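Predicted, not measured: the structure shown is a model, and the values here were computed from it.
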Amino acid sequence: MNRYDRILAKSDGTPLQLHLQEVAETAVLIAQHTGMDVELARKGALLHDIGKASPLFQSRLKEGSTMPSKPFRHEIASLFFLSLLTSEEDRQVVIRMIAAHHKSIYKDVGDKGLLDLDDNDFRCFERHSKGFEEWSADALGILSLCGWETHPISLEDARRSYEEAVDYCSRLNPNCSRWKGLLMAADHLASGMEQYTEEALRKLFVVPDLAYYENRKCDLYPLSLIAADDKRSHTLVTAPTGAGKTDFLLRRCRGRVFYTLPFQASINAMYDRLKADLKDTDAQIYPLHAASILKMSDNRYERILPRHIGASIKVLTPHQIAAVAFGLKGYEAIALDLKGCDVILDEIHTYTSTTQAMVLKIVEILIMLGCHVHVGTATMPSVLYDQLLALLGGKDEVYEVKLSDEILTTFDRHVVHKVEARDETKPFITKAIEQKQKILFVCNQVKRAQQLFQELGEVYPQIPMMLIHSRFKREDRARLEKKLKEEYNQSEQACFVVSTQVVEVSLDISFDLMVTECAPIDALIQRFGRINRRRTAESIGTMKPIYVIAPPEEEKEAMPYDMEVLRRSYAVLEDDAILREKDVQRLMDTVYPEIPRVDIEWHTAFQKGEWAIKELMHYPKSALLDLLDISSACCVVESDRLAYIQGNYISRTMLEIPVPTAIRFKGLALIEEGMHPYLIPDKAYDPALGYVEEYAAPQHYKSFEMI
C-alpha cells in the first residue's frame, strides 16, 4: 500500500493508480493487435483519468456529498497534463483518447462536453483547475509510480494544455477516431473485469479454431457436403431451417467472428451452442444484447461487456452494429473491434422498408471496415437479395450457395391450415393432447400471449404449460429458456408453450403442432421451423400441422407489424396444403415485390462512403432507432430496489426487465444507479407472466415514498 491509495478512481474503493495501470495494460494489448502505437496507447491510458486526483472529484465520491452547481468533468482536468508529451502530434493523439471518452465534445446531451462547457462557462478552466498547484503533485506522483518520468507542471502550463485541446477539438473534421475507440474499449474492459482481467487479457484477439465444423458432414444436412473454401470475400447462402446454415457460415470464417441474430432468445441459444462446440479450444465467446445481458453457467454469472473488444466470437443483434452507422456512444470502439473481422448476418428480417434500409447501411459500413460478410437466410425477398449482392461486389466477390429443388423437397414438413379464429383449433388441440403431443402457441404481442396463457390454464389445468417472452427479469428469462429446451422440448407428454416472436430464430426446439397469429411471411416461415424440426432419415416426408389465424381488423391489433403485409402474407398461404420449400422464394417475392425507398441517410454518421460526424462527437440517440423501438427501456420491481442500488454490474443486470420506451410516460420513479431503470410496483410483475403493464402505475406502489 502506498500514500496515493487514498486517491480513488471509483466509489467502490478502487485506487486511481491501480485503475490507470490496468487500463494502460489493456490499451497496450489492444494497440499491439490493431497496429497502433503502443507507447502512445500506454501514455494516453495513464492520463485519461488522472484528473480524478482533483479534490473536487474525490469529494464527489464520498457518500452524502452534494453535487456542485457547475459540473466537474475529470477528463477536462486530465487534459491539463498534456505538456508531459513533447511532440504536438503525440499530444493530438492523446487529446483524442481523453477529451471525449465519456461525453461528446460538442452538442453533448447534457451540455457537458469539452466544447460545450468552454462555450457556455467562461470560468471552465478556473473551476476545473482549482487547487491545481497542490493536487497536481499527487497526480504526478501517481504517474511516476506508473513508470512515467514526469516534471512539475505549472498552472500556466495547464492552461496552455487546456487551450491547445479546445483549439484542436474545434478544428476537427468528420471522422471516426480509432484512438478514442481504443481508450473506451480499454477503459471499459479494465473497469468491468475486476479480478478476471489477467485471464481476459490473455485471450484478447484469439482467432477461434473452427475446425470442429469442418468435420461434421452428414447427408441429412446438405450444406455440410458443400465446400466452404471458395476464395471470394463474402457469402450469400439460401437454405431452409435445418439444412446446416450455421455450420456452413462458420466454415466460411477465417478470423474473429461477429455472429448476428435478431432476437435475445436466439442469441442465448447460439451462445450455448458455440460454447459447447468450442469448449476444447481457447476461443473467448460472448453474447451481447441491447443492455449487455448476462448468461448463467455452472451456477455462476458470466461477465458480459457491451464493448468487449477482441473477443473470438461475439453473438449479438444487428442493432448493435447499427450503432456504428448512427454514430451512437461507443461507436468508435465497435468500429475498431469490427475492422477486418468475419461478420455473419443470420436470418435478416424484412418486416419494414426501414429495416431493409438499415440492413443495407450496416453492410455498407462493414465493407468500409474491411469485413468479410456472410449472409444466411431461408426468407429473403429477391429484391433485397439482389441489392445485397450488388453492394457486396457482385458474383466476383460473393460466393452464392442455393439448394436444388430436389433437395428442397426433402425439407417439406408442414401442412398449413388457415383459420379465422383460435377457437376453430380446439378440436385439433384436444386430439393432440390425446396423442401426447407438444403444442406451441405464438402471439405477436406480449399482452395477448399473457391472456392466452391464463385462458389455457383455466381450460386445461392438467396440462403442463409455460409462457416465454421478452419482458421477464433477465434471471427469470434465462431460467425459462433453459426450461423450454431441457424440459418442454424433451417432454414425452402433452404440454403447451405460449410465446411471442422470441422463438422464431435459432432456438433448437421441435414441437408437434403450432397455433400462430398471422405475421409477415418471413416471420411465419421462421416460426414454422420450430415444428417438426428434428430431422432424421425416418422423419423426412412426415408432415405436421400449423394453424395460422387470420389478421386482425384493426391496425392497433396488428402491431408491431404492418397490416397490409399481414394481409398479403395470409393471402399467399395455400389453405390445407403442404408448404413446399421450393415455393418459399415465390411466396416471399409475392409479399415483398419491391422495397419502397426510405431515405435514412440524414440519420446516419456514414454517408456516401465517408464519415459525416465530427470526430470525437457522438449522437445521443438516433431517431431511426427510436422509430424501430430498438432501444427499449428497462425497469426493476419495487422489492428489488435495495438489491439493485447495493448490487454490482452483474447482480443489477439480472434484476432488470426490458420494457417498451413508452414506460417513461407512466409517472414512475427512477433509480439513479446502473441503467437508471424505472421502478415498477411488485404487483406489475409475476414470475409466470412477466411484466404486467396494467399495474405499472404509481398508485400500486407499496411504499408511500415511491409515490
Heavy atoms of other groups near [X] [atom1], more than 12 under 6.0 Å:
X      : atom1 : result
Gln490 : CD    : yes
Gln435 : CD    : yes
Lys666 : NZ    : yes
Asp576 : CG    : yes
Met543 : CE    : yes
Tyr460 : OH    : yes

Please determine whether a side-chain nitrogen of the Lys or Arg among [X] and [Y] lies less than 4.0 Å from a carboxylate oxygen of the Asp or Glu.
X      : Y      : answer
Lys582 : Asp405 : no
Glu487 : Lys482 : no
Asp247 : Arg273 : yes
Glu434 : Lys431 : no
Lys245 : Glu347 : yes
Glu481 : Arg477 : yes

How far apart are the C-alpha atoms of Arg527 and Thr516, what are their side-chain angles, what is the distance that settles it, and do they pass the side chain to side chain donor-acceptor pair (under 3.5 Å) test?
-> CA-CA 8 Å; Arg527 290 180 193 184; Thr516 178; 2.9 Å; yes
Can you spot which of Phe511, Phe441, Tyr488 makes a ring-ring contact (aromatic ring centres under 6.0 Å, His included) with Phe496?
-> Phe441
For Asp575 and His417, run side chain to side chain donor-acceptor pair (under 3.5 Å): C-alpha distance rounded to whole Å, both residues' side-chain angles, the deciding distance at 0.1 Å, then the answer.
-> CA-CA 5 Å; Asp575 191 18; His417 307 281; 5.0 Å; no
About how many Å separate CD of Gln356 and CD1 of Ile600, when rounded to the nearest 0.5 Å?
-> 11.5 Å
Met588 side, atom CE; Ser569 side, atom OG - distance, nearest 0.5 Å | 8.5 Å
If we count only N and O atoms by modelled type, under 3.5 Å, do the side chains of [X] and [Y] hold a donor and an acceptor together?
X      : Y      : value
Gln445 : Arg448 : yes
Arg530 : Ser499 : no
Tyr259 : Thr246 : yes
His414 : Asn532 : no

Do the non-hydrogen side-chain atoms of Leu388 and Leu360 ever get within less than 4.5 Å of each other?
-> yes
Relative to each other, are the rings of Tyr685 and Phe472 parallel, tilted or perpendicular (30° and 60° limits)?
-> perpendicular
Residue list, side-chain contact (heavy atoms from CB on, under 4.5 Å) with Val572, at least two apart or on another chain = Ile521, Leu587, Thr590, Val591
Worked check of side chain to side chain donor-acceptor pair (under 3.5 Å) between Tyr561 and Asn444 | CA-CA 9 Å; Tyr561 305 121; Asn444 297 336; 4.5 Å; no
Determine the sole option in Glu400, His372, Arg252, Arg251 for which the side-chain hydrogen bond (donor to acceptor under 3.5 Å, both in side chains) test with Thr235 is passed.
-> Arg252
Given the rule in the side chain to side chain donor-acceptor pair (under 3.5 Å) test, do Asp589 and Tyr385 qualify, once you have shown the distances and angles that lead to the verdict?
-> CA-CA 11 Å; Asp589 293 341; Tyr385 183 99; over 6 Å; no
